[in-house]
Amino acid sequence: AVVYTSLIKNFIRWGRTHSGHEIYKDMVQRGCSPDIILYNVYMDCSLRAGEIDKVHDIFMEIKKHGCVPDARSYSILMRGHSKSGNICAASALFYTTKNQGYEPNALAFSIAIDCLCKSRKAYEGYQVFEEMRAKGHSPALVTYVVLINGLVKELQLDKAYSVFKQAKTQDMLLNMAVYSNLINGLGKVGRINEAFLVMEETVQKGLIPNMHTLNCLLGALVKSQEINKALECFQSMQDSKCTAN
RNA sequence: GUAAAACACUG
């Protein structure tokens, strides 16, 4: 199985996906039993190669051949569903995994959060995030960013802000894009004062607001009819040679 | 012999 794994991996990786599939079939025909590592590699490679439907097919093969999917198998399948837009399946899978008795590790949590945010289910992503923290895992910077951006997109500003605060207490170095995003979201729901606070914070942190940031702020100000401040902001944009829209 | 991943206004 080790040899077959390597063969399948390399064929698919180098674009010879069809040969990869043939090797798998051949292996089965010859009575050689695939193991779970082979299946995980096979699914992962197919996913990267863009054969998303294949991921699901392979997953089905696992049980058919008397293997038991492990936590990684579920994570890969989840990525597949999220990539193909199968939103319901993606979000259900995380719970299925747990029901199978697997305790997700930090990576499994992160993948779940990422998939959920991409499926526009940031709310669920947030729940998974809370669970992750409760279990004592430390999310990576990207996980915070993905979640904050996802929540902002769905205008869940309370949650976004909460995650934002938590990121800071973990000394995460959030970049300007995240701040701009948050300002944008706060502006959209009319929380202009908070948008300003966030703006001031960027300055304190030594981050340099760019044209995206200022445009976000400008949009927020116009929306809340703070014309004077909008003009002020517009002025400072011109001073810093940013282009307004 | 098997892990993933993101980002910004307006249009």
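Per chain, numbering begins at 1; letters A, B, ... match sequence-line order.
Classification of the H21(A)-Y42(A) ring pair by plane angle, with boundaries at 30° and 60°, yields tilted. Relative ring orientation between Y39(A) and H65(A) is described as tilted, the plane-to-plane angle lying within the 30° to 60° band. Ring orientation note: the planes of F109(A) and F94(A) are tilted relative to one another, at an angle of 30° to 60°.
When the P atom of A3(B) is taken as reference, atom CD1 of I36(A) falls 14 Å away, rounded to whole Å. The distance from atom OH of Y39(A) to atom P of G1(B) is 21 Å, rounded to the nearest whole Å. Between the P atom of A4(B) and the CG atom of N105(A) lies a distance of 13 Å, rounded to the nearest Å. Distance, Y179(A) OH to A8(B) P: 17 Å, rounded to whole Å. With rounding to whole Å, N210(A) atom CG is found 11 Å from C9(B) atom P. To the nearest angstrom, P of U10(B) lies 13 Å from CG of L217(A). Nucleotide A8(B) holds its C1' atom 14 Å from the CG atom of L186(A), rounded to whole Å.
Counting non-hydrogen atoms under 4.0 angstrom, L214(A) reaches nothing in the nucleic acid. Heavy atoms of N10(A) sit nowhere under 4.0 angstrom from any nucleic acid atom. The residue V145(A) sits close to a base: some heavy atom pair falls under 4.0 Å. Within 4.0 Å of K153(A), counting heavy atoms only, lies no atom of the nucleic acid at all.
For M176(A), counting side-chain heavy atoms from C-beta on, the closest listed nucleotide (G1(B), A8(B), A4(B)) is A8(B). The listed nucleotides are A3(B), G1(B), C9(B); the one nearest the side chain of N215(A) is C9(B). With A4(B), A6(B), U2(B) as the candidates, the nucleotide lying closest to the side chain of R48(A) is A4(B). The side chain of N181(A) lies closest to C7(B) when the candidates are C7(B), C9(B), G1(B). The side chain of L107(A) approaches A4(B) more closely than any other nucleotide in the set G1(B), A4(B), U10(B). Among the nucleotides A6(B), A8(B), U2(B), the one closest to the side chain of A177(A) is A8(B). Taking every side-chain heavy atom of S75(A) into account, A3(B) is the closest of C9(B), C7(B), A3(B). Listed nucleotides: G1(B), U2(B), C7(B). Nearest to the side chain of R72(A): U2(B). Across A4(B), A8(B), G1(B), the shortest atom-to-atom separation from the side chain of R79(A) is found for A4(B). The side chain of H212(A) sits closest to A8(B) out of A8(B), U10(B), G1(B).
The existence of a salt bridge linking E22(A) and K25(A) is confirmed by a sub-4.0 Å separation between a basic side-chain nitrogen and an acidic carboxylate oxygen.
Among all heavy-atom pairs drawn from P69(A) and Y102(A), the shortest one is O-OH, 2.5 Å.
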